[in-house]
*Asks:* 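The structure is given below, and queries will be raised subsequently.
Counting starts at 1 for both ligands and their atoms, following the listed order.
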Amino acid sequence: MPRQGSRISLILAFVFPAIVAATLALSTYGFRYARSASERSKASLMDGNRQLAQALAGSIQQRIDTADFELFKQIEWEDGDRDPPSDVELPKGVESVAILDKDLRIRSIVPSSPSVSTPAGDPKRRGRELERWQNYVRGLDWKSLQPWTPAQPGNFRHLHQLFEGRSVLIAYAAKESESGERYFVAARMNLTLIAREWLPEEVRELGGDRKIAILDEVARPVFGQPVSQRDQRFLYETSFGKTLYAWRIQTLPKNVEELQAQAETERLLGVLLIPVSTLIIGVGLAIVLLSVAAERRTSRMKSEFIANVSHELKTPLSLIRMFGELLATGKHKGAESGKEYAEIITREAERLSHLIDNVLDFARIERGKASYDFAEGQLDDVIERALDLARYRVEKEKMRLRTEIQPGLPPVRMDENAMTLVLLNLVDNAVKYAADGKEIDVRLYRTPGGVTLSVRDRGPGIPLEEQPRIFERFYRARTARDRNVRGSGIGLALVKHIVEAHGGRLSVDSAPGQGATFTVALPAAPVTAASADPAAAATPPPVGVTPPPIQVEAPLPAGPMVKR
Ligand code: ADP
């Protein structure tokens with residue numbers, strides 16, 4: 001059957017890349033969709049712009065064409081030997097008309113009323129107008145013209161260009177008299193009227209939600225305001241129809257600021273969407289991976305713990321059983337060995353109960369149900385009694401237990417059983433891991449504001465990098481595992497919890513090959529009226545409440561250390 005861990009790894013190996021791939025695909029698809037939607041809406045916006053420009057150019061062209069039609073229809077020059085008509089009433093939109101004979105000589109300009117051949121009026125002005133017209137007609141493509149008739153109203157042409165820095169639109173056509181003689185008519189359109197009257201009228205007529213500007217040959221505004229560089233993105237610009245082809249028309253939605261902001265948001269989204277979502281998912285996956293790894297480590301440690309505890313229970317139990325049976329069957333040699341067997345049974349039973357105490361206390365801590373029976377007392381008394389319990393085991397391992405207890409230590413608020421467990425665990429570890437060192441030093445002495453207990457061995461020590469971890473539950477240092485020393489990995493976690501619940505601090509000082517010193521610093525009991533009152537002192541504080549350490553030492557007699 002595959003192990004749970006490898007099944008999880010397999011799932012992670014497939015599921016995580018799948019999640020990453022799906023996220024990438026989703027964000028790419030989302031981004032593409034958003035971009036194509038925005039392109040579509042921009043295209044429809046531009047379409048609206050284009051339609052408006054075409055409609056406006058079309059209606060202006062229509063009005064110009066109508067004026068031209070009326071003009072060409074109205075002018076009739078039947079007799080080439082006489083002057084052409086000069087009493088023509090110009091249709092609205094036509095500024096000036098020139099009539100030319102078959103040799104393209106200007107024969108009449110309207111309105112300048114008198115004919116060119118019999119000049120009258122202001123000769124200077126007339127001369128200028130004639131000069132202008134001569135300039136215009138020179139650039140016209142007369143040869144391509146077919147005779148204009150009302151039945152052929154399209155037989156005329158336009159010229160739109162700058163003359164003397166002024167935009168000029170000329171409409172010109174060839175006509176024939178009834179006798180078949182050809183003559184020509186050219187009309188200059190009134191562009192000022194077109195810009196000031198026709199354009200506003202047509203724009204009003206078309207209405208809509210767009211800004212319109214019309215620029216001349218050198219980009220001077222003829223109508224409206226030219227578009228700023230900033231709004232170029234939504235601008236539609238094209239030549240202003242077939243007639244006024246030298247002008248350009250610009251159309252732009254009125255809510256361009258809003259569209260601009262929307263486009264900017266889309267751009268930002270485009271830039272940030274994929275990297276940010278990938279980053280978030282990456283971080284999320286990393287967190288999940290780390291917590292899965294931590295969970296797996298804890299569950300591995302738990303199963304190791306169960307195996308270790310079972311093993312630790314099994315050894316003393318088999319010894320108790322074996323020596324119990326020997327005693328029961330009377331197979332021992334004499335009273336001496338009977339006593340020895342009974343001692344072994346007692347010792348192993350003590351070990352068992354120590355282990356079970358550890359496990360039960362640990363389980364209580366894990367469930368958050370740890371409770372301590374705090375009372376003010378002398379730590380030296382508690383440590384002395386605990387040492388009596390530990391001494392047998394130390395001596396059995398052929399080790400020397402040296403103790404140094406300073407007399408006159410201040411009282412400490414503590415749970416006596418818990419403090420016994422602290423010492424037994426520390427000494428037990430020294431016996432287990434440092435038996436080669438042969439010596440264990442237990443010292444109890446006064447420090448500013450409290451009492452300190454230290455347990456020192458001369459064993460292999462603990463590597464620096466593992467020191468912070470040995471206080472974690474279930475953690476067992478590599479050396480312990482390599483040397484096959486029995487243990488459950490909960491002893492120091494328990495000690496740390498107890499010490500901290502007493503408002504103290506547990507630390508280790510060790511260098512490989514130099515042994516290890518575990519130090520427990522506890523605060524002295526506060527000297528208050530309550531502590532002077534025995535009834536109040538007997539009441540334990542609520543669980544988890546740490547008695548505050550006092551900084552001022554109680555005046556206690558200092559004395560020499562008692563060595564054993
Ligand atoms: P256990 O002894 O049951 O493994 P502990 O919580 O008491 O669990 O100790 C955690 C680890 O700390 C041990 O596995 C061991 O590696 C290391 N350790 C504790 N005390 C000593 C010591 N005196 N010398 C060397 N290593 C020690």
*Asks:* Of the listed options (I470, V427, V495), which comes nearest to atom 17 (C) of ligand 1 when hydrogens are ignored and any heavy atom counts?
*Replies:* I470
*Asks:* Using a 4.0 Å cutoff against the non-hydrogen atoms of I462, which atoms of ligand 1 qualify?
*Replies:* 25 (C), 26 (N), 27 (C)
*Asks:* Would G489 count as a contact residue for ligand 1, given that I'm defining contact as a non-hydrogen atom of the residue lying under 4.0 Å from a ligand atom?
*Replies:* yes
*Asks:* Out of N358, D457, N429, who gets a non-hydrogen atom closest to atom 23 (N) of ligand 1?
*Replies:* D457
*Asks:* Given 3.5 Å as the limit, does a donor-acceptor pair link the side chain of S454 with the main chain of F518, or not?
*Replies:* no
*Asks:* State whether the shortest distance between N or O atoms of G491 and N or O atoms of ligand 1 falls below 3.5 angstrom.
*Replies:* yes
*Asks:* Would one find an N or O of F518, backbone or side chain, under 3.5 Å from an N or O of ligand 1?
*Replies:* no
*Asks:* Taking 4.0 Å as the limit for heavy-atom contacts, which would you say applies to K432 with ligand 1: side chain only, backbone only, both, or neither?
*Replies:* side chain
*Asks:* Counting only heavy atoms, tell me which of R476, R478, E466 gets closest to atom 4 (O) of ligand 1.
*Replies:* R476
*Asks:* Answer with yes or no whether A434 contacts ligand 1, where contact means a heavy atom under 4.0 Å from a ligand atom.
*Replies:* no
*Asks:* Answer side chain, backbone, both or neither: which part of L492 comes under 4.0 Å from ligand 1, heavy atoms only.
*Replies:* both
*Asks:* Who's the nearest protein heavy-atom neighbour of atom 11 (C) of ligand 1, and how far?
*Replies:* Y475 O, 3.8 Å
*Asks:* Suppose we measure from atom 2 (O) of ligand 1 to each protein heavy atom; which comes out shortest, and what is that distance?
*Replies:* Y433 OH, 2.5 Å
*Asks:* Mark up the atoms of ligand 1 that fall under 4.0 Å of a heavy atom belonging to A480, in ascending order.
*Replies:* 14 (O), 15 (C), 16 (O)
